[in-house]
Amino acid sequence: AAEKEASQQSSLGAYSPVDYMSITSFPRLPEEEAAVAGGGGSESCLRSRKEEDAFLGEQETDPDSFLKSARLQRLPSSSSEMGSQDGSPLQETTKDPFSGDCSCRQDGLTVIITACLTFATGVTVALIMQIYFGDPQIFHQGAVVTDAARCTALGIEVLNKQGSSVDAAIASALCSGILNPHTAGLGGGGVMLVHDIRKNESRVIDFQETAPFNIQEEGLRKAWETKPGLLVGVPGMAKGLHEAHLSYGRLPWRQLLGLAADVAQDGFNVTHDLAMAIKDVKEQHNYSDRFKEIFLPDGQPLLPGMFMRRPDLAALLHLLGSGGVSAFYSGNVTQEIISEVLKYGGTLSEEDFSNYTVLVDNPVHTIYQGHLVLSPSPPHVGPALITALNILEGFNITSQVARDNILHWITETLKVVLALASSLGDPFYNASISHSVEDMMSKSKANFLRQQIDSQPYPSELHIPHFSMESGPS
Amino acid sequence: ASQVLVMGPDDYIVAVVSSLNRPFGSGIMTPSGILLNSQMLDFSWMNETEDHSSPSLMNSIQPGKRPLSFLLPTVVRPSEGMCGTYLCLGANGGDKALSSITQVLVNVLTYNKNLSESLSLGRLHPQIQSNILEVDSEFPEEDINYFTSIGQQVNKVEVLSLVHGARRTNNFIIGVKDPRSMDAAGATIL
C-alpha cells in the first residue's frame with residue numbers, strides 16, 4: 001500500500017506544474033487531528049487520506065482544471081454547506097487554526113521587526129546628532145577680509161589648516177598689527193563679535209584699553225601734547241585675543257602666534273596705507289628714536305611696495321606664543337612698556353596690567369527688514385546703530401520714493417543717532433547708561449524720533465542735545 | 001582702525017575691529033617693537049571743546065574705565081530660521097563708521113543690493129558739531145546739488161570710512177573689501 005501511495009504521488013508530481021505537497025498539505029484542522037488521535041484511530045485517518053489522494057489522482061490531466069477541481073473538493077463554498085457535508089473530511093471549527101505553532105513564528109517576526117526599527121531609529125538619531133553637534137563633514141566655503149592682502153591670505157591659511165573662524169581672525173588681527181602698525185597692534189585694543197550660526201548665539205569680547213589707575217583729568221588736559229605717555233591706556237589686544245582663543249580656538253595658541261611671527265620674520269611689502277601714514281607724520285618730531293629707526297630709516301619714509309622685516313615683533317610673538325599672555329601682562333614686556341610710558345610722562349603701573357580684564361558680553365540687537373542685527377553694547381556705540389535702523393525701518397524707503405526724501409531721512413537719522421551716541425559711556429561706571437540704552441533702542445523712542453524728523457523740513461536743527469566727541473586737535 | 005572679518009566653514013561669523021586711536025597711537029615705541037596706543041583721547045575732557053557742545057560726564061576719565069568707542073563690528077542674520085542672508089561688517093573712521101555701516105545696511109537689506117555694490121556706493125556723514133555734511137568721492141553729484149540747493153554746507157572728501165564685509169547666502173560665502181582701499185583684500189575658500 002505504501003508503494004502504491006508513493007507511485008500515485010510521483011505520477012502526480014510528474015505531470016503537475018505545481019508542487020504536489022502544496023496541494024495536499026492544506027493545514028489540518030484541529031478537530032481532524034483530534035479525531036485521528038481519538039475515536040477513529042490512525043488507521044481510519046490514513047485510509048481517509050488515501051481515498052482523497054486516490055480521488056485526486058483520478059482527475060483530469062490538465063493541471064489548471066486539476067487544481068480547480070481539487071480546491072472545489074477541499075473547500076466548501078460556504079460555511080453553511082460545510083456542516084451538511086457529512087462525508088467531507090473538513091469540519092467546522094471555532095478555533096483559530098494559526099494560533100498554535102504559528103504563533104511562535106509570529107513572535108519571531110515581531111522580534112525581527114522590532115530590532116530593525118530600533119536599529120533604524122538609533123542610526124537616525126545618531127545621524128541627526130552628528131549633523132547638529134558633530135564636525136562638519138562637508139568642508140564648504142569660507143571667507144576672510146582684512147586691510148592687507150597678506151593678512152587675508154594668512155586667515156585663509158589658518159582655515160585650510162582646519163583652524164576655527166576665531167583662529168583665523170586672531171592670526172589675521174596679529175598680522176594686521178605687523179603690516180599696518182599705524183592702525184592696530186599689541187599696544188592697542190579692540191572688540192570682537194563672534195556669532196555661532198547653528199546655535200544662534202553671539203558674544204562680544206571687549207578688549208579695549210582702560211585708563212590707568214593714576215591718571216588725572218587735569219594733568220591730562222594740561223600736558224597731553226607734551227607728554228604723550230599720558231595718552232596711553234592699558235593695552236588689551238593680547239589678553240583679548242587669548243580670551244577669544246580660550247573660548248573658540250581650535251589650533252594651538254603657540255601655532256597661531258608662530259604663523260603671525262613668520263610674517264614679521266619673513267618680511268612683507270609696505271602697504272600704501274602705511275606709507276601714507278608715515279608720510280603724514282614725517283615732519284612731527286615727538287616720535288621716539290626707535291620709531292624713526294623703523295619707519296623713517298635714514299630720515300626717509302618707507303615707500304609703498306618696499307620690503308621690510310620686523311624681527312623684533314617676530315621675537316615678541318614667539319615669546320607670547322610660548323609664555324602665554326602672562327609674558328605680556330606680568331613680565332619683562334610689562335616693565336618695558338611701563339618704562340617707556342613713564343619716560344614720556346605717562347602713569348602706567350604694574351597694577352594696571354595685572355588688573356586688566358577682558359569683558360565678555362552679549363551684543364545689542366534689533367530686527368531690521370526681517371534680519372537680526374547684532375552690534376557691541378556700551379561703551380561701544382552699538383545702541384546708536386540699532387536706533388538708526390529702528391528709525392529708518394519706519395520710513396517708506398523704496399526705489400519708488402523721491403530720492404530727496406530718502407536723503408533727508410537718512411541724514412537726519414544719522415544726526416540724531418550721532419547725538420545719542422555722544423551720551424554713551426562705560427556702563428560699569430554709570431548705571432544710568434544701561435537704562436538710557438534700553439530707552440534709546442526701544443521702538444517707541446524710534447517712532448517718536450521718526451515723527452520729529454518727518455515733521456520738519458530739511459535741514460533742521462538737531463532734536464537731541466549732543467556732547468563733544470573729539471578731544472585735542474583730532 | 002583695523003578690521004578682520006571671517007566667515008568660516010565651522011559656521012561661525014567673526015568680526016574684529018582694533019585700534020591704536022590715532023595713526024601710530026601715541027607714537028611711543030618700546031624696544032621690542034610695540035607701538036603704544038593713544039586711547040585716552042577718546043574720553044571726553046572738560047574745557048576741551050571750543051564749540052557749543054559740552055563734554056559728556058558719562059565719558060569722563062576715571063581709573064580703569066573704558067572710553068566711548070566707535071569700533072562697530074556688526075553681524076546680521078535672518079531673524080527666523082537659518083536660511084537667508086548673513087552679513088559681517090566692519091568699518092574704520094571713528095564716528096564716520098556709524099554713518100557708513102548704517103548706509104551699507106540700508107543698501108543691502110532695504111534696497112536688496114549685492115554687497116559689492118553696497119560697499120562701493122557713495123556715503124555721507126553729518127558733522128553734528130559743525131553742521132557740515134561730509135560726502136565721499138563716490139557720492140552722486142545730483143545728490144550733492146540737492147543738499148547745496150537747500151542751503152546745506154557740503155564738504156567732499158576722498159574717503160570717509162572704509163567698510164569691508166562678508167556675506168553668506170545659504171552655503172555661498174563671499175568676502176568683499178571696500179573698493180576705496182588699495183591694500184585690503186577679501187578671499188573666499190571655494
Side-chain angles (χ1 to χ4, degrees), chain A residues 140-143 145-147 149 152 156 165 168-169 172-173 176 182-184 187-188 190-193 195 197-198 208-209 211 213 217 228 231-233 271-273 277 287-288 290-291 312-313 316 336 340 367 369 371-372 374-375 379-380 388 397 414-415 418 425-426 429 459 467-468 471, chain B residues 2 4-9 11-16 18 20 23-24 26-27 29-30 32-41 49 53 55-56 58-59 61 63 65-66 68-69 71 73-77 79 99 102 109-110 126 128 152 164 166 171 173 175 182-189:
Chain A
H140 53 249
Q141 290 188 325
V145 190
T146 75
D147 292 306
T152 299
I156 293 289
S165 296
S172 296
S176 292
H182 60 296
T183 60
V191 59
M192 178 188 287
L193 177 51
H195 178 71
I197 291 175
R198 287 189 233 172
Q208 207 186 351
E209 302 91 329
F213 282 91
E217 185 181 321
L231 301 178
V232 181
T271 63
H272 292 84
D273 209 31
Y287 286 100
S288 66
R290 178 83 176 128
F291 179 91
D312 51 350
L313 287 181
L316 178 67
E336 182 187 289
E340 284 295 313
I367 292 176
Q369 303 287 354
H371 290 81
L372 186 67
L374 305 156
S375 202
H380 306 279
I397 299 179
L414 290 176
K415 280 185 184 179
L418 283 164
D426 191 340
Y429 288 78
F467 301 99
S468 166
S471 306
Chain B
S2 168
V4 174
L5 309 168
V6 181
M7 279 190 177
D11 290 336
Y12 272 82
I13 301 174
V14 186
V16 189
S18 52
L20 293 174
F24 299 107
S26 62
M29 192 178 218
T30 69
S32 57
I34 303 169
L35 265 165
L36 298 173
N37 67 84
S38 56
Q39 204 62 48
M40 298 304 98
L41 286 172
T49 57
S53 63
S56 167
M58 303 290 183
N59 192 33
I61 295 180
K65 191 174 177 179
R66 285 167 158 81
L68 179 65
S69 156
L71 305 180
T74 302
V75 169
V76 176
R77 68 164 291 147
S79 60
S99 301
T102 303
L109 301 178
T110 303
I128 56 173
Q152 171 70 61
H164 304 318
N171 280 337
I173 303 177
M182 295 177 74
D183 304 308
T188 303
I189 300 172

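These figures come from a predicted structure and were not determined experimentally. Chain letters run A, B, ... following the sequence lines, proteins first, then strands; residues in each count from 1.
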For chain B, find which of [options] contributes the most heavy-atom pairs closer than 4.5 angstrom.
options: A:Glu209, A:Glu340, A:Glu217; value: A:Glu209
options: A:Gly190, A:Ser288, A:Ser375, A:Gly233; value: A:Gly233
options: A:Pro379, A:Ala388, A:Gly425; value: A:Pro379
options: A:Leu372, A:Asp273, A:Ile397; value: A:Leu372
options: A:Ser176, A:Gly188, A:Ser172, A:Ala169; value: A:Ala169

Pick one of side chain, backbone, both or neither for A:Leu316, based on which atoms fall under 4.5 Å of a heavy atom in chain B. side chain
With a 4.5 angstrom heavy-atom cut-off, is it the side chain or the backbone of A:Ile367 that approaches chain B, or both, or neither? side chain
According to the interplanar angle, ranging from 0 to 90°, do the rings of A:His182 and B:Phe24 count as parallel (below 30°), tilted (30 to 60°) or perpendicular (above 60°)? tilted
Between chain A and each of [options], count heavy-atom pairs under 4.5 Å; write down the option with the most.
options: B:Thr188, B:Leu20, B:Val76; answer: B:Leu20
options: B:Ile34, B:Ile61, B:Leu109, B:Val16; answer: B:Leu109
options: B:Ala184, B:Gly175, B:Ser69; answer: B:Ser69
options: B:Thr102, B:Asp183, B:Val6; answer: B:Asp183

State, yes or no, whether a side-chain contact exists between A:Leu418 and B:Ser99 at a heavy-atom distance under 4.5 Å. yes
4.5 Å side-chain heavy-atom contact, B:Pro73 and A:Val191: yes
Quick check against the 3.5 Å criterion: does B:Ser26 have a side-chain atom that pairs as donor or acceptor with the backbone of A:Leu231? no
Identify, with sequence neighbours excluded, every residue that meets ring pair (Phe, Tyr, Trp, His ring centres under 6.0 Å) alongside A:Tyr429. none
For A:Asp312, all residues meeting salt bridge (Lys or Arg N to Asp or Glu O under 4.0 Å), sequence neighbours excluded: A:Arg290, A:Arg310
Salt bridge flag under 4.0 Å for residues B:Lys65 and A:Asp426: no
Is it true that the side chains of B:Arg77 and A:His371 contain a donor and an acceptor less than 3.5 Å apart? no
